[in-house]
Peer 1: 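Structure incoming, see below.
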Amino acid sequence: MSLVGKKFPNVTIDAMSEMGDDLRINIFEESTANQQKVLLFWYPKDFTFVCPTELHAFQDALGEFEKRNTKVIGASCDTNEVHFAWLNTAKENGGIEGVTYPLLADTHRQLANILGIVDQDFEYNEDGEETFTGSNVTYRATYLIDETGKIFHESVNDMPLGRNVKEYLRLIDAYTHVQKHGEVCPANWEEGKEAMKADRNSTAEYLAKN
């Protein structure tokens, strides 16, 4: 079930800072109280393979997100202690040393289950006993939340598929353009390109030129 257009769940979750501070973060309040956009990205597990490449990619682009008044927050179901150990592991050893944005530690899978992004399933055997299947970690889900706490983008990748960080910058630019100008953004729109009014004439004019 898609959550686009709905308010992000008002739930507070444990988190870890790069300095080793235990935090409590509510994504909805981060956006509404601070009047900023939030990019929340979930990854399956600390000390894995594709995951550190993504965390470093978001870190490398952190300045671009900050220019767009967007806070980046990572998340998995690992504990704060495991997050901190990974933050203190050098990049050349597969770690995420140098990452400065906070990491949610949704160890009870409270928020992840509300979002429906955990790889898990429950079945019943012939005796009626419940059996569990799945990895019990999250897929690579990404949420963009606006200043009102509304989700304006969500995407979910299977675990082997890393994300394209530039696409989230483009989506933030497009949504900001819509907010400021009341126009709509056509396919492959990028900052500085022509947008359209939400009517047939504008669409026809755009297609005639493109």
Peer 1: Do Met159 and Val137 touch side chain to side chain, with heavy atoms closer than 4.5 Å?
Peer 2: yes
Peer 1: Nearest 0.5 Å, what's the CD-CZ distance between Glu191 and Arg170?
Peer 2: 11.5 Å
Peer 1: Considering residues, nucleotides and ligands other than Asn93, do more than 12 of their heavy atoms fall under 6.0 Å from its CG?
Peer 2: yes
Peer 1: Kindly indicate whether the side chain of Lys45, heavy atoms from C-beta on, has any atom under 4.5 Å from the side chain of Ser135.
Peer 2: no
Peer 1: side-chain hydrogen bond (donor to acceptor under 3.5 Å, both in side chains) with Glu183: which residues, sequence neighbours excluded?
Peer 2: His177
Peer 1: What's the spacing between Asp146 CG and Ile172 CD1 if we round to 0.5 Å?
Peer 2: 11.5 Å
Peer 1: Any donor and acceptor pair, going by atom type alone, linking the side chain of Thr138 with main-chain N or O of Tyr43 inside 3.5 Å?
Peer 2: yes
Peer 1: So, does His83 use its side chain to make a donor-acceptor pair with the main chain of Ala15 at under 3.5 Å?
Peer 2: no
Peer 1: Between CG of Leu39 and NZ of Lys37, what distance do you get to the nearest 0.5 Å?
Peer 2: 12.0 Å
Peer 1: Please report the interatomic distance OH(Tyr101) to CG(Leu40), rounded to the nearest 0.5 Å.
Peer 2: 11.0 Å
Peer 1: Can you name the closest pair of heavy atoms from Asn157 and Leu161 and give their distance?
Peer 2: ND2-O, 3.2 Å
Peer 1: Taking the side chain as every heavy atom from C-beta outward, state whether Asp106 and Trp42 have any atom pair closer than 4.5 Å.
Peer 2: yes
Peer 1: Would you say that more than 12 heavy atoms from the other residues, nucleotides or ligands in this model lie under 6.0 Å from the NZ of Lys7, or not?
Peer 2: yes
Peer 1: Taking all atoms of both residues into account, what is the closest heavy-atom pair of Tyr143 and Glu154, and its distance?
Peer 2: CE2-OE1, 3.4 Å
Peer 1: State yes or no: do Leu103 and Leu115 share one hydrophobic cluster built from I, L, V, M, F, W and Y residues joined by side-chain heavy-atom distances below 4.5 Å, directly or via other members?
Peer 2: no
Peer 1: Could you tell me the separation between the CG atom of Asn80 and the OG1 atom of Thr107, rounded to the nearest 0.5 Å?
Peer 2: 8.0 Å
Peer 1: Just by modelled atom types, is the Lys197 backbone N or O under 3.5 Å from a matching donor or acceptor in the Ser202 side chain?
Peer 2: yes
Peer 1: Taking the side chain as every heavy atom from C-beta outward, state whether Gln59 and Thr100 have any pair of such atoms under 4.5 Å apart.
Peer 2: yes
Peer 1: Can a donor-acceptor pair be found, under 3.5 Å and without considering hydrogens, that links the side chain of Glu30 to the backbone of Ile25?
Peer 2: no
Peer 1: Would Leu87 and Ile96 satisfy side chain to side chain contact (heavy atoms under 4.5 Å, CB included), going step by step from the backbone distance to the final call?
Peer 2: CA-CA 5 Å; Leu87 284 162; Ile96 59 168; 3.6 Å; yes
Peer 1: Minimum heavy-atom separation for Arg68 to Asp173, with atom names?
Peer 2: NE-OD1, 2.7 Å
Peer 1: Test of understanding: clusters of I, L, V, M, F, W, Y form through side-chain heavy atoms closer than 4.5 Å, transitively. Do Ile73 and Tyr175 belong to the same one?
Peer 2: no
Peer 1: To the nearest 0.5 angstrom, please state how far the SG atom of Cys185 sits from the CD atom of Glu194.
Peer 2: 11.0 Å
Peer 1: Do Lys193 and Pro186 have side chains that get closer than 4.5 Å, going by heavy atoms?
Peer 2: no
Peer 1: So with a 6.0 Å cut-off around NE2 of His181, is the heavy-atom count from everything else above 12?
Peer 2: yes
Peer 1: Taking the side chain as every heavy atom from C-beta outward, state whether Leu3 and Phe8 have any atom pair closer than 4.5 Å.
Peer 2: no
Peer 1: If two hydrophobic side chains count as joined below 4.5 Å and joins carry through other members, does Met16 share a cluster with Ile13?
Peer 2: no
Peer 1: Contact between Val184 and Val178 at the side-chain level, heavy atoms closer than 4.5 Å - yes or no?
Peer 2: no
Peer 1: When hydrophobic residues are tied together by side-chain contacts of less than 4.5 Å, even through go-betweens, does Leu169 share a cluster with Trp189?
Peer 2: no
Peer 1: Between Asn69 (side chain) and Gln35 (backbone), is there a donor-acceptor pair under 3.5 Å?
Peer 2: yes
Peer 1: For Lys6, is the NZ atom crowded, meaning more than 12 foreign heavy atoms sit under 6.0 Å from it?
Peer 2: yes
Peer 1: Would a 4.5 Å heavy-atom cut-off, applied to side chains only, mark Val38 and Phe28 as touching?
Peer 2: no
Peer 1: Checking Ile145 against Lys150 for the side chain to side chain contact (heavy atoms under 4.5 Å, CB included) test, could you report, in this order, the C-alpha distance in whole Å, the side-chain angles of both residues, the deciding distance, and whether it holds?
Peer 2: CA-CA 5 Å; Ile145 301 110; Lys150 186 183 80 173; 6.0 Å; no
Peer 1: Salt bridge or not for Glu205 and Lys209, using N-O below 4.0 Å?
Peer 2: no
Peer 1: Please report the shortest heavy-atom distance between Tyr139 and Val156, naming the atom on each side.
Peer 2: CB-CG1, 3.5 Å
Peer 1: Looking at Asp158 and Arg140, is any side-chain nitrogen of the basic one under 4.0 Å from a carboxylate oxygen of the acidic one?
Peer 2: no
Peer 1: According to ring pair (Phe, Tyr, Trp, His ring centres under 6.0 Å), does anything in residues 50-71 pair up with another residue at least two apart or in another chain? List the pairs.
Peer 2: Phe41-Phe58
Peer 1: Taking all atoms of both residues into account, what is the closest heavy-atom pair of Val99 and Glu18, and its distance?
Peer 2: O-CB, 3.2 Å
Peer 1: Give a yes or no on this: more than 12 heavy atoms of other residues, nucleotides or ligands lie within 6.0 Å of atom CZ of Phe47.
Peer 2: yes
Peer 1: Without swapping roles, check the side chain of Arg109 against the backbone of Asn136 for a donor-acceptor pair under 3.5 Å.
Peer 2: yes
Peer 1: Going hydrophobic residue to hydrophobic residue with side-chain gaps under 4.5 angstrom, can you get from Val165 over to Leu144?
Peer 2: yes
Peer 1: What's the verdict on side chain to side chain contact (heavy atoms under 4.5 Å, CB included) for Ser76 and Trp86, showing C-alpha distance, side-chain angles and the deciding distance?
Peer 2: CA-CA 12 Å; Ser76 78; Trp86 205 24; over 6 Å; no
Peer 1: Determine whether Glu97 and Lys91 satisfy the following criterion, side chain to side chain contact (heavy atoms under 4.5 Å, CB included), listing intermediate values before the conclusion.
Peer 2: CA-CA 6 Å; Glu97 186 177 36; Lys91 183 178 181 181; 5.7 Å; no
Peer 1: I need the minimum non-hydrogen distance between Thr32 and Gly149, along with the two atoms involved.
Peer 2: CG2-N, 3.6 Å
Peer 1: Mark yes when over 12 heavy atoms from residues, nucleotides or ligands other than Arg200 sit less than 6.0 Å from its CZ; otherwise mark no.
Peer 2: no
Peer 1: Please check if the side chain of Thr89 supplies one atom and the backbone of Ala85 the other of a donor-acceptor pair under 3.5 Å.
Peer 2: yes
